[in-house]
Undergrad: 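Pasting a structure here, questions to come.
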Amino acid sequence: MGATRNGKQSLSGSENLIIEVDEDKIRCKQYSWYFAPIYLLFWVGLFFAVIYPLFQALPTGIKISEEADKPGQFVAERAQEILLQISRLGPRVVGDVDNEVTVVNLLLAEIEKVRQVLRDDVYEMEVEVQRASGSYLIKGLTNHYQGVQNVIVRLSTKSSNSTSYLLVNSHYDTKPGSPGAGDDAAMVVVMLEVLRLVAVSGDPFLHPIIFLFNGAEEQPMQGSHGFITQHRWAANCKALLNLDSAGAGGRDLLFQGGPNHPWLMEHYRNSAPHPFATTTAEEMFEAGIIPSDTDFRIFRDFGVVPGLDMAGVYNGFVYHTKFDRYAVISLDSLQNSGDNLLALVWSISNAEEMYDTEAHAAGHAVFFDFIGLFFVHYQESTSLALNLFFSFGAILLVCISLWRMSRVTGQTMGTYAGVFGLLFLLALAGALLAVAFPLLMATFYDWGNRTLTYFSNSWLVIGLYICPSVIGLVLPMTLYLTHTKCNKIPHTYYLHIVGHANCVLLAILCLGATALKYRSAYLFLISLIFYVAALIINLLTRLHCRGYLWSLVLIVFQIIPFIYHAYLFHMFILILIPMTGRFGVSTNPDILIGALCGFGTILALSFAAPLINVFRRPNCMLGGLALVMFIFCMIAVSDVGFPYRPKTNVMRADFMQVHRKFFEYNGSISHEDSGYYFHLGDRNKEAPLRDHMNLTNLVRLGEDCDSELMCGIPCYRYCSAREHALWLAREEPVELPYPTVLEFLSKTVLSGGYQVRYEFRLTGPPNMGLFFKPLDGVKLLRWTFAPAMLDNPATYRPPLEVMLTYGIDNTPIEFFVELSKDDGNFNEPVFEMGVSGHYVSPHDKRDALSLEFLATLPDFAFSMEWPSSYERHIF
């Protein structure tokens with residue numbers, strides 16, 4: 001310490017470094033406590049003033065009357081008119097007349113209108129309806145289909161000799177019970193309008209364009225499989241634009257790209273006028289956090305076609321329900337989709353990279369938009385360099401700053417290293433508490449049967465999860481700073497070191513994510529870049545030696561990362577809250593929402609939140625946040641916290657009206673009954689229904705799963721959750737629209753005597769299922785269907801599921817199975833086979849008792865329901 005002079009103290013650390021500062025200012029003079037609420041409200045106001053409106057922003061939809069003044073631009077009103085026609089058809093399920101005939105004819109009629117205005121002096125247009133049959137393995141089941149349809153248009157420039165095609169895909173089929181305006185008719189009509197605009201433009205393009213109107217995506221993804229594995233144009237498709245939806249309206253999120261083709265991101269950046277994208281969504285999707293899938297998987301895995309996968313993500317509450325109607329798709333959202341698709345089609349169809357896409361396969365890309373204003377992308381190799389440079393650079397600058405502080409105050413570097421080490425541990429504790437507190441809230445609410453309280457009122461997550469996360473983030477630091485005397489090190493330096501500790505923590509996380517090859521490490525990189533920039537300015541200007549002025553620079557430089565991270569996690573919360581309604585009964589979805597809020601708080605506020613210690617009485621701010629949390633908790637346990645609302649935020653209570661028969665080896669029926677098989681969508685199970693429906697004898701089928709093939713139920717598609725199935729018996733048998741009939745054709749013992757072949761014929765509705773379970777000592781060797789499951793017996797263990805679907809071709813399905821038996825005795829039971837029939841068409845009548853039961857479903861619930869049959873046979 002130097003001598004005191006005129007009330008000032010000279011802090012000298014070297015011969016060349018002498019700084020004079022007011023002792024009160026450098027040590028402990030904090031700002032008045034009443035500025036602290038204003039500081040926190042600044043960040044809240046920033047969210048509602050900037051992030052929220054930009055997230056909701058959409059271009060104004062262009063009307064037909066404006067077309068002459070805006071030539072070449074997407075006309076949303078024309079697309080909207082076609083959307084109305086399609087959505088009026090109601091549900092369009094594979095095999096139903098509306099899907100196989102009516103909507104196909106409508107599409108062909110619209111395409112014919114395009115042909116009438118086609119610039120045939122410039123373009124050639126070919127149109128055909130493909131009928132495809134095939135079989136493949138997907139997600140633990142074998143998917144077998146026949147006669148599914150695709151409407152395909154090939155548009156090319158007469159002057160082009162390119163054999164590389166751009167593929168644009170969407171689907172017109174729907175889930176049972178849903179008109180599918182958002183999923184995916186909106187994208188179908190956007191494609192039709194883009195096709196028209198290109199066809200009338202007269203502008204040449206290098207590469208032919210395939211418009212694939214896919215008739216069987218919901219089955220799942222049979223139409224795309226049929227095209228990419230069988231159609232004569234499939235091998236020429238070198239790039240893909242896939243359009244789907246997990247909601248209705250709003251903006252389209254680019255959530256998958258490539259893989260390994262970053263040039264596609266370059267075209268998205270240069271052409272898409274309304275960017276909306278993030279690498280993090282891609283990694284979450286690949287991790288299975290998002291319970292959906294798209295045709296992108298089929299084109300990638302079976303056709304090795306790189307592309308961009310875009311989907312509507314707004315208002316997922318109506319996804320796959322009867323409320324996915326024309327009225328929920330705004331003109332502006334169609335304009336947003338159309339503008340992007342039109343620009344991408346023009347850009348990629350003229351891309352030089354299309355001539356040899358493999359030559360431009362250069363690894364994964366990191367990509368994201370900044371609040372819809374612009375798009376950023378760079379290659380994974382660049383990401384590695386940036387992450388390493390800024391992470392190690394941040395650590396180095398922190399070391400320099402600590403050295404500078406030690407020289408200014410005259411304390412040893414060891415003193416500052418010790419303080420930094422302690423504050424780093426407190427920063428780590430704060431980050432852990434920022435995640436742990438929301439997770440504890442989620443767990444407590446689950447124990448109290450109050451899951452999904454935010455489902456209809458998403459603002460509740462502010463008090464339930466974000467406030468606890470902020471408290472956890474700053475609690476260790478605040479308690480330490482308020483109970484530490486500023487003797488050797490000034491309070492302002494302590495607070496500065498808090499920022500350094502958080503910086504080093506984020507740098508370590510960035511390095512760890514980079515080492516694990518998570519491209520989402522860019523989230524840490526954004527925080528590091530702006531903290532490093534603020535730190536450099538403070539080092540150069542020596543503001544950290546002038547009281548708390550350095551914090552103003554830090555606050556300014558935290559605005560951009562706060563806006564981005566808050567925008568990103570706001571998006572994820574709005575996407576995932578509707579999805580929590582279909583996570584299933586075994587998963588506590590509040591854990592995911594709480595974790596998202598925790599991670600979002602860490603990224604958005606790691607540097608800004610601890611600055612409440614600039615003000616006096618920071619503990620009062622923590623108390624205020626705790627009070628807000630308490631108020632929100634009280635609101636959540638009131639009627640406001642009831643999760644569901646009619647029409648807008650419905651509970652998913654899917655069920656089948658089932659008639660079951662259990663045949664024994666001798667052909668006799670050992671048991672026959674009827675009932676309702678429930679597949680409930682969320683954690684609340686059947687509890688919200690009990691006050692409205694007679695569920696007195698509802699039982700869980702878990703015990704039957706040990707004794708009966710597939711628990712004795714006609715589970716549909718993915719049956720992994722069948723042990724949570726619920727069964728409500730009824731005395732009167734369910735009346736089926738028509739029978740599902742299994743005919744046993746022949747049994748042949750093959751040469752050698754240890755193998756046998758069974759042949760069958762199956763007739764019934766367009767959606768059926770088979771389940772196979774060899775008995776002890778028996779192995780299933782071969783069958784009619786795709787062999788992948790049988791080729792990997794260690795992965796796919798009995799019972800094995802085969803899903804059968806037919807579209808326009810209702811020819812009976814004939815199939816065989818070949819099995820081996822250790823003792824060669826085939827005069828006794830060899831295997832069990834379950835046969836299910838699903839009458840999902842809206843034209844298949846429900847019996848009177850089923851309709852009566854369905855009428856008791858409360859208005860806040862939606863049921864995807866249909867009659868089903870189930871037979872268990874032993875051969």
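Residue numbers start at 1 and run along the sequence shown.
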Undergrad: To check you understand the geometry: which heavy-atom pair defines the closest contact between Y567 and G372, and what is its length?
TA: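 Looking at all heavy atoms of both residues, the shortest contact is OH-N, 3.5 Å.
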
Undergrad: State, yes or no, whether a side-chain contact exists between T484 and Y494 at a heavy-atom distance under 4.5 Å.
TA: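 When only atoms from C-beta onward are counted, Y494 and T484 do touch, with a gap below 4.5 Å.
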
Undergrad: What distance do L432 atom CG and L473 atom CG have between them, rounded to the nearest 0.5 Å?
TA: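 One finds 11.0 Å between CG of L432 and CG of L473.
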
Undergrad: Applying side chain to side chain contact (heavy atoms under 4.5 Å, CB included), can you list everything that pairs with P53, at least two apart in sequence or on another chain?
TA: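 If we apply the side chain to side chain contact (heavy atoms under 4.5 Å, CB included) test to P53, skipping adjacent residues, there are no hits.
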
Undergrad: Can I get a per-line list of side-chain donor-acceptor pairs under 3.5 Å for residues 551-565, giving both atom names and the distance, sequence neighbours left out?
TA:
{"unit_1": "S551", "atom_1": "OG", "unit_2": "Y548", "atom_2": "O", "d": "2.5"}
{"unit_1": "Y564", "atom_1": "OH", "unit_2": "Y522", "atom_2": "OH", "d": "2.5"}
{"unit_1": "H565", "atom_1": "NE2", "unit_2": "L523", "atom_2": "O", "d": "3.3"}
{"unit_1": "H565", "atom_1": "NE2", "unit_2": "S527", "atom_2": "OG", "d": "3.1"}

Undergrad: Answer whether the closest heavy-atom distance between the side chains of L439 and I591 falls below 4.5 Å.
TA: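 A side-chain contact under 4.5 Å exists here.
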
Undergrad: Return yes if some donor-acceptor pair links the side-chain N/O of T482 with the main-chain N/O of L479 below 3.5 Å, else return no.
TA: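 Pair found, side chain donor or acceptor close to backbone of L479.
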
Undergrad: Give a yes-or-no answer on whether the side chains of D590 and Y465 include a donor-acceptor pair shorter than 3.5 Å.
TA: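 Yes, because at least one side-chain N or O of D590 sits under 3.5 Å from a partner of the opposite role on Y465.
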
Undergrad: Would you find a donor on one side and an acceptor on the other, under 3.5 Å apart, between the side chain of T279 and the backbone of F367?
TA: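 The answer is yes, because a donor-acceptor pair under 3.5 Å joins these two groups.
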
Undergrad: So I593 and L464, do their side chains get closer than 4.5 Å, heavy atoms only?
TA: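 When only atoms from C-beta onward are counted, I593 and L464 do not touch, as no gap falls below 4.5 Å.
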
Undergrad: Would you tell me whether H500 and S401 have side-chain atoms, one donor and one acceptor, within less than 3.5 Å of each other?
TA: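 Judged by distance alone, the side chains do pair up.
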
Undergrad: Compare all side-chain heavy atoms of L596 with those of F569 and state whether any distance is below 4.5 angstrom.
TA: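 A side-chain contact exists here, since the closest heavy-atom pair is under 4.5 Å.
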
Undergrad: Look at the side chain of T278 and the backbone N and O of T280, then say whether any donor-acceptor pair between them is shorter than 3.5 Å.
TA: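 Side chain of T278 to backbone of T280, a donor-acceptor pair under 3.5 Å: yes, one is there.
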
Undergrad: Do S606 and Y531 have side-chain atoms, one donor and one acceptor, less than 3.5 Å apart?
TA: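 Checked: S606/Y531 side chains show no N/O donor-acceptor pair below 3.5 Å.
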
Undergrad: To the nearest 0.5 Å, what is the distance between CE on M477 and CG on L423?
TA: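 It is 5.0 Å, given to the nearest 0.5 Å.
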
Undergrad: Only distances under 3.5 Å count here; give the side-chain donor-acceptor pairs of residues 621-632 to other protein atoms, sequence neighbours excluded, each with its distance to 0.1 Å.
TA:
none

Undergrad: Considering only residues two or more places apart or on different chains, which pairs with a residue in residues 273-282 satisfy salt bridge (charged side-chain N to carboxylate O under 4.0 Å, His left out)?
TA: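 Those involving residues 273-282 are E282-R519.
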
Undergrad: Kindly give the heavy-atom pair with the smallest separation between M265 and L308, and that separation in Å.
TA: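 Residues M265 and L308, closest heavy atoms: CE-CD2, 4.0 Å.
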
Undergrad: Looking at CE of M405 and CD of Q411, how far apart are the two atoms once the value is rounded to the nearest 0.5 Å?
TA: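 The CE atom of M405 sits 13.0 Å away from the CD atom of Q411.
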
Undergrad: Centre of F55's six-membered ring, under 6.0 Å away, within 45 degrees of the axis: is that where NZ or CZ of R251 sits?
TA: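 Yes; both conditions hold, so R251 lies above the ring face of F55.
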
Undergrad: Between D339 (side chain only) and P273 (backbone N and O only), is there a donor and an acceptor less than 3.5 Å apart?
TA: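 Checked: no pair found.
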
Undergrad: Do F370 and I526 have side chains that approach each other closer than 4.5 Å (heavy atoms only, starting at C-beta)?
TA: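 With C-beta onward as the side chain, the pair stays apart.
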
Undergrad: Using 0.5 Å steps for rounding, measure from the OG atom of S271 to the CD1 atom of I348.
TA: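 Here the rounded value is 6.5 Å.
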
Undergrad: Between R404 and R407, is any pair of side-chain heavy atoms under 4.5 Å apart?
TA: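 A side-chain contact under 4.5 Å is absent here.
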
Undergrad: Measure the acute angle between the ring planes of Y52 and F48, then classify it against the limits of 30° and 60° as parallel, tilted or perpendicular.
TA: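 Tilted.
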
Undergrad: Between N260 and A361 (side chain of the first, backbone of the second, donor and acceptor by atom type, cut-off under 3.5 Å), is there such a pair?
TA: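 Judged by distance alone, no pair lies under 3.5 Å.
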
Undergrad: Output yes when a side-chain donor or acceptor of S347 lies under 3.5 Å from a complementary backbone atom of L344, and no otherwise.
TA: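 No; judged by distance alone, with no hydrogens or angles, the pair does not exist.
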
Undergrad: Who pairs with P275 by side chain to side chain contact (heavy atoms under 4.5 Å, CB included), at least two apart in sequence or on another chain?
TA: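 Here the qualifying residues are Y268, D369, F375.
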
Undergrad: To the nearest 0.5 Å, what is the distance between CD1 on I290 and CG on L576?
TA: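 Separation between the atoms: 6.0 Å.
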
Undergrad: Side chains of H267 and E353: donor-acceptor distance under 3.5 Å anywhere?
TA: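 Note: H267 and E353 side chains meet the donor-acceptor criterion.
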
Undergrad: Decide yes or no for Y493 and V419: does some side-chain heavy atom of the first lie under 4.5 Å from some side-chain heavy atom of the second?
TA: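 When only atoms from C-beta onward are counted, V419 and Y493 do not touch, as no gap falls below 4.5 Å.
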
Undergrad: Working to the nearest 0.5 angstrom, can you tell me the gap between L592 CG and F572 CZ?
TA: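 CZ of F572 is found 10.5 Å from CG of L592.
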
Undergrad: Answer yes or no: is there a side-chain heavy-atom contact under 4.5 Å between L528 and C503?
TA: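 Yes, side chains in contact.
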
Undergrad: Using modelled atom types only, decide if a donor and an acceptor are shared between the side chain of Y445 and the backbone of C633 within a distance under 3.5 Å.
TA: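 Yes.
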
Undergrad: Mind checking side chain to side chain contact (heavy atoms under 4.5 Å, CB included) for I575 and listing every partner two or more places apart, or none if nothing turns up?
TA: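 L253, V313, M571, M579.
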
